[in-house]
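These notes are about the structure you will find just below.
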Amino acid sequence: MRVVLAAVLLLALNLAATGDAFAQKTKTKGTPPATQSQHLDPNDPDDLETILDEGDAAYFVDEGQTPDYEYAFEMYSLAAEAGDAYAMNRVGLMYDRGEFVAQDFDKAFDWYLKAAEAGLPAAQSNVGSMYNVGDGVRQSYAEAQRWFRLAADNGYAYAMYALGDMYLAGNGVAKDAEEATAWYQKASDGGDANGHWSLSLRYLYGDGVGKDTQRAAELAYLALTNGLQVALDEFRDIRNADTSPNYRRAIQEMLKRDGFYTGTIDGSFGPATQRAIEAAFGSAL
């Protein structure tokens with residue numbers, strides 16, 4: 001399965017664009033109702049809403065519960081066949097990840113494309129991701145950039161981050177750290193955790209923007225508290241990374257400010273700091 005988030009190390013600049021395709025809608029979590037699909041008409045607006053609610057309730061469950069991917073796929077497919085763009089994207093995602101169905105990038109791409117052509121920004125970004133790495137379609141940076149730009153123009157923050165990665169790596173475009181930084185800034189402003197992290201690295205190493213250790217720490221901490229796995233992984237291994245004591249102390253200060261850490265601000269990132277990092281992970285979600 002394609003990596004869900006681009007792995008960006010503190011040890012070096014993040015140079016690779018992501019090939020990820022994401023779930024793009026949050027719903028109230030809970031147990032799906034007992035309504036059966038044969039009693040619901042996706043062409044009826046009220047029934048369509050019920051179908052989507054049931055699909056989401058089966059897919060998005062509380063921590064410790066098991067998603068009912070079979071029922072979610074049934075509901076999403078019912079709505080997708082009726083032309084609902086959100087449902088098409090969800091069906092594409094489930095083929096992409098191999099959830100209930102066998103993983104099939106070709107089918108994932110087809111459903112993403114249908115949703116994208118229907119105007120869903122999340123699906124437009126997902127089509128860009130598929131072109132970016134060549135999953136389900138012939139790899140094309142030009143097409144990836146076209147779809148990412150369309151999604152970004154429609155306000156989709158993850159696509160802005162993906163464009164930043166393309167400029168940073170020089171994939172299909174001239175390598176340009178300043179342009180990459182500008183896109184990461186837009187993604188960060190749009191609330192994307194990948195954008196927070198990638199922008200933090202630009203400030204940390206002074207690549208494409210003036211070096212600013214404090215700003216780098218603030219953005220990295222924002223990525224951590226917004227649940228970005230790569231941020232957690234890199235903080236766990238931060239003592240082996242090329243980071244300044246001032247950067248590490250700034251992280252500890254924010255952990256202490258938010259009540260996760262009560263120890264000394266020394267930049268050591270020992271066991272107490274590591275426990276605080278674990279506690280802070282995803283706390284803003």
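Position 1 is the first residue of the sequence; numbering continues from there.
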_Glu179 and Val173, any side-chain heavy atoms less than 4.5 Å apart_ = no
*asked:* Show, in sequence, the C-alpha distance, side-chain angles and deciding distance for Leu232 and Glu278, and conclude whether the side-chain contact (heavy atoms from CB on, under 4.5 Å) test is met.
replied: CA-CA 7 Å; Leu232 177 62; Glu278 297 285 342; 4.0 Å; yes
*Answer yes or no: are there more than 12 heavy-atom neighbours, outside Arg257 itself, under 6.0 Å from its atom CZ?*
yes
_Closest approach of Ala223 to Ala193 (non-hydrogen atoms, all atoms of both residues)_ = CB-O, 3.8 Å
*asked:* Working note: Gln214 + Tyr247, criterion side chain to side chain donor-acceptor pair (under 3.5 Å); need CA distance, chi angles, decisive distance, verdict.
replied: CA-CA 7 Å; Gln214 181 62 37; Tyr247 173 82; over 6 Å; no
*Begin from the C-alpha positions of Tyr112 and Ser129 and carry the test side-chain contact (heavy atoms from CB on, under 4.5 Å) through to its verdict.*
CA-CA 10 Å; Tyr112 286 150; Ser129 292; over 6 Å; no
*List the steps, then state whether side chain to side chain donor-acceptor pair (under 3.5 Å) holds for Arg248 with Thr243.*
CA-CA 7 Å; Arg248 296 193 297 272; Thr243 57; 3.1 Å; yes
*So, does Glu74 use its side chain to make a donor-acceptor pair with the main chain of Gly55 at under 3.5 Å?*
no
_To the nearest 0.5 Å, what is the distance between CG on Leu285 and OG1 on Thr225?_
7.5 Å
*Could you tell me whether Arg215 and Glu218 make a salt bridge, using a distance below 4.0 angstrom between a side-chain N and a carboxylate O?*
yes
*Roughly how far apart are Trp147 CH2 and Asn132 CG, rounded to 0.5 Å?*
14.5 Å
*Could you go through the side chain to side chain donor-acceptor pair (under 3.5 Å) check for Asp56 and Tyr86 one step at a time?*
CA-CA 11 Å; Asp56 285 343; Tyr86 169 68; 2.6 Å; yes
_Any heavy-atom pair between the side chains of Pro67 and Phe60 that's under 4.5 Å?_
no
*Applying side-chain contact (heavy atoms from CB on, under 4.5 Å), run through Asn154 and Gln124 and close with a yes or a no.*
CA-CA 9 Å; Asn154 286 321; Gln124 293 163 354; 3.0 Å; yes
_Side chain to side chain, Glu178 and Val209, heavy atoms closer than 4.5 Å_ = no
*Would you call Phe260 and Ile277 a side-chain contact if the rule is heavy atoms closer than 4.5 Å?*
no
_Rounded to the nearest 0.5 Å, what separates atom CD in Gln229 from atom CZ in Phe281?_
4.5 Å
*In terms of the angle between their ring planes, are Phe73 and Phe100 parallel, tilted or perpendicular, with boundaries placed at 30° and 60°?*
tilted
*asked:* Tell me whether the count of non-hydrogen atoms from other residues, nucleotides or ligands lying under 6.0 Å of CD in Gln139 goes above 12.
replied: yes
*Check each of Asp192, Asn194, Asp189, Asp165 against Tyr184 using the side-chain hydrogen bond (donor to acceptor under 3.5 Å, both in side chains) test, and report the only one that passes.*
Asp165
_If hydrophobic clusters are built by linking Ile, Leu, Val, Met, Phe, Trp and Tyr wherever their side-chain heavy atoms come under 4.5 Å apart, do Tyr158 and Leu222 end up in the same one?_
no
_Distance-minimising heavy-atom pair for Phe148 and Gly128_ = CZ-C, 3.4 Å
_Contact between Trp197 and Leu219 at the side-chain level, heavy atoms closer than 4.5 Å - yes or no?_
no
*Shortest non-hydrogen contact from Ala187 toward Ala157*: CB-O, 3.5 Å
*Would Glu143 and Arg146 pass as an ion pair if we require N to O under 4.0 Å?*
yes
*Judged by atom type as modelled, is there a donor-acceptor pair below 3.5 Å linking the side chain of Arg138 to the main-chain atoms of Gly134?*
no
_From CA spacing to verdict: side chain to side chain donor-acceptor pair (under 3.5 Å), Asn246, Ser244_ = CA-CA 5 Å; Asn246 285 341; Ser244 70; 5.2 Å; no
*In sequence, state the C-alpha distance, the side-chain angles, and the governing distance for Phe235 and Thr273, and then conclude on side-chain contact (heavy atoms from CB on, under 4.5 Å).*
CA-CA 10 Å; Phe235 280 139; Thr273 305; over 6 Å; no
*Mind checking the OH-NZ spacing from Tyr203 to Lys211? Nearest 0.5 Å is all I need.*
14.5 Å
*Verify, without hydrogens or angle tests, whether Asp47 (side chain) and Asp41 (backbone) share a donor-acceptor contact under 3.5 angstrom.*
yes
*Hey, what do you get for CG (Asn43) to CG (Asp84), rounding to the nearest 0.5 Å?*
11.0 Å
*With ring centroids as reference points, do Phe109 and Tyr95 lie under 6.0 angstrom apart?*
no
*asked:* Do the side chains of Arg236 and Asp233 get close enough for a salt bridge, i.e. N-O under 4.0 angstrom?
replied: yes
_Side chains of Thr264 and Asp266: any donor to acceptor distance under 3.5 Å?_
no
*asked:* Donor-acceptor check, side chain of Ser188 to backbone of Gln185, threshold 3.5 angstrom: yes or no?
replied: no
*asked:* Looking at every heavy atom in both Ser283 and Ala280, which two are closest together, and how far apart are they?
replied: OG-O, 2.8 Å
_Close side-chain approach of Tyr59 and Leu93, heavy atoms under 4.5 Å_ = yes
*Looking only at non-hydrogen atoms, find the nearest pair between Ala85 and Ala118 and report the distance.*
CB-CB, 3.9 Å
*At what distance, to the nearest 0.5 angstrom, does CG of Asp104 lie from CG of Asp96?*
10.0 Å
*Between Gln145 and Tyr131, is any pair of side-chain heavy atoms under 4.5 Å apart?*
no
*Taking atom NZ of Lys256 as the centre, does the number of heavy atoms from other residues, nucleotides or ligands within less than 6.0 Å exceed 12?*
yes
*What heavy-atom pair brings Ala116 and Ala123 nearest, and what distance separates the two atoms?*
N-CB, 3.4 Å
*Heavy-atom side-chain contact between Thr66 and Val61 under 4.5 Å*: no
